[in-house]
Amino acid sequence: MPTDPTEVTAGIHDLSFATTSLCLTHEELARHTGAPVAKYHHGIGQTSMSIPTEDEDIVTLAADAAAPIVERHGSDRIRTILFATETGIDQSKAAGVYVHSLLGLSPHIRVVELKQACYGATAALQLACALVRTDPAQEVLVLASDIARYDLDSPGEATQGAAAAAMLITAAPGLLELGTPSGLFTRDIMDFWRPNYRTTALVDGKASLDAYLDAVDGAWLDYRARGGLPFEKLRTVCYHQPFTRIAHKAHRRLERAEGLTSTVQAIDEAIAPTTTYNQVIGNSYTASMYLALAALLDSDADLGGDDIGLFSYGSGSVAEFFTGRVGPAYRAHLRADAHRAQIARREPISYAAYRDLHTRALPVDGTPHEVGRRTLGRYRLAGIRDHQRQYRATRP
Ligand code: CAA
């Protein structure tokens, strides 16, 4: 008898993230922009941002995030890898194929890349759950990896960052069982985009904030109209966090939609456990909401059995509001120490060093190019030869 997909649970069994080896503090940035550091620390809620070394990119970050998952669970049941990014390195080949190779996985796996700005990983997660519900024996590896880059001296510069999240999606999820329904909201809008010929994003900062908050309303109303949980049943909400202060604005927006008016302090308290990683890492686009989830799960709060909301937003724009129920024994699946170590090991760099890295570019004319080893991670971009990126493990 075929399995009835509606009766099969699916969700996140393991969640691991990796970030870069360098960081720029907002104190250092403020010394050069002349902005009061309080604007960064309190106005946008950011204190430092992850900066990649020359030998780190979306592939090395994703492989670094995924390797501990494969080590803990093996890879025999993984049949699909979904790689979400808006920092694509090739117009044709999926970045996940490089990760598949670096991790030494079986050839009997499908690998594909997904894109819709920062929303891509949520599309990947939902597709992964659908695959698992169809065949509960299968597992899916979802990778979300991005490097957020804006023009130097632009308002967006202070919201850069980089990270990758890896998630193992299974039919017996230890961390978070995904709920139904989802609330969806799509609108054709140019709030933030990156044409193929640019390495930095274009953004209409103020319009992007309005677009994000309108999408909060739009996705939430759809979620509720389809029978979703009332706001007060949610322990808290993990929002996409291009900068962490936006989570406060989004939470207020949801409360208003429900006719509620909490104090500033109460909203801050509800949101604070979801922001601790993103406030020091910065925007990681597709990975951002999943870093908010990791921060919440790794916090001291006891969440077992609680329903939490998730708001995913990708400029352009597509948004989704959905929920997950935290597993009763979720603490046994956490990686809090490894996550904190990823952040603690980063080397703070000077503004001059950051600016130099920002302006460097890999050759685009096929010239052979070697990249020196700088990363603290397990994988590195060793160079480019014949227009082909060369990846290596840094450890035997
Ligand atoms: N002390 C405390 N707070 C201060 C301050 C000070 N000394 N000086 C300023 N502030 C506050 C301001 O009042 C403001 O807060 P409110 O919005 O609550 O009023 C906040 O700091 C930011 O100040 P500005 O609005 O003056 O900042 P800005 O114009 O220089 O840039 C930004 C802000 C537009 C968000 C800019 O960082 C940007 O363009 N970011 C990139 C776009 C972005 O992240 N958009 C988010 C939605 S789009 C999305 O989500 C997709 C994605 O990932 C990009």
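These figures come from a predicted structure and were not determined experimentally. Each ligand, and each atom within it, is numbered from 1 in the order the structure gives. For reference, positions follow the sequence shown, starting with 1.
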Under 6.0 Å between the ring centres of Phe192 and Tyr212? no
Residue part near ligand 1, for Ala38, under 4.0 Å between non-hydrogen atoms: both
To which protein heavy atom is atom 44 (O) of ligand 1 closest, and what is the distance rounded to 0.1 Å? Pro242 CB, 3.4 Å
What are the atoms of ligand 1, with element, lying closer than 4.0 Å to any heavy atom of Lys206? 24 (P), 25 (O), 29 (O)
Heavy atom of protein inside 4.0 Å of atom 13 (O) of ligand 1, strictly below: no
Looking at Glu56 and Arg380, does any basic side-chain N land under 4.0 Å from a carboxylate oxygen? no
Answer yes when Glu54 and Arg373 have at least one side-chain N-carboxylate O distance shorter than 4.0 Å, and no when they do not. no
Are any of the N or O atoms of Pro155 closer than 3.5 Å to those of ligand 1? yes
Please list the nearest protein heavy atom to atom 7 (N) of ligand 1 with its residue and the distance rounded to 0.1 Å. Pro36 CG, 3.5 Å
Could any protein non-hydrogen atom be found less than 4.0 Å from atom 42 (C) of ligand 1? yes
Which atoms of ligand 1 have any heavy atom of Phe243 under 4.0 Å away? 35 (C), 44 (O), 46 (C)
Under 4.0 Å between a Lys/Arg side-chain N and an Asp/Glu carboxylate O for Asp210 and Lys206? no
Where is the nearest protein heavy atom to atom 34 (C) of ligand 1: which residue, which atom, and how far? Gly205 CA, 3.7 Å
Is Lys233 paired with Glu258 through a side-chain N to carboxylate O contact shorter than 4.0 Å? no
Would Arg325 and Asp307 pass as an ion pair if we require N to O under 4.0 Å? yes
When you measure from atom 38 (C) of ligand 1 to every protein heavy atom, which one gives the shortest distance, and what is it? Gly156 CA, 3.7 Å
Centroid separation His251 to Tyr239 less than 6.0 Å: yes
For ligand 1, is there an atom lying under 4.0 Å from some heavy atom of Ser315? yes
For atom 54 (C) of ligand 1, find the nearest protein heavy atom and state the residue, atom name and distance (0.1 Å precision). Tyr150 OH, 3.2 Å
Give me the residue, atom name and distance of the protein heavy atom closest to atom 45 (N) of ligand 1. Ser208 OG, 2.8 Å
Numbering the atoms of ligand 1 from 1, which are under 4.0 Å from a heavy atom of Val203? 42 (C)
Electrostatic pair Arg235-Asp302, nearest N-O below 4.0 angstrom: no
Element-labelled atoms of ligand 1 that are located less than 4.0 Å from some non-hydrogen atom of Phe192: 54 (C)
Salt bridge flag under 4.0 Å for residues Arg253 and Asp214: yes
Among the heavy atoms of Lys249, does any lie under 4.0 Å from an atom of ligand 1? yes
With heavy atoms only and a cut-off of under 4.0 Å, state how His240 meets ligand 1: side chain, backbone, both or neither. side chain
Salt-bridge contact Arg331-Asp298 (side-chain N to carboxylate O under 4.0 Å): no
Show the nearest heavy-atom pair for residues Val326 and Leu303, with the distance to one decimal. CB-O, 3.3 Å
Salt bridge present between Asp135 and Arg77 (N-O < 4.0 angstrom): no
Starting from atom 22 (C) of ligand 1, find the nearest protein heavy-atom neighbour and note its residue, name and distance. Ile44 CG2, 3.9 Å
Minimum non-hydrogen distance to atom 15 (O) of ligand 1, winning option of Ser317, Gly43, Ala207: Gly43
Just need the protein heavy atom nearest to atom 9 (C) of ligand 1, so name the residue and atom and give the distance. Lys39 CG, 3.5 Å
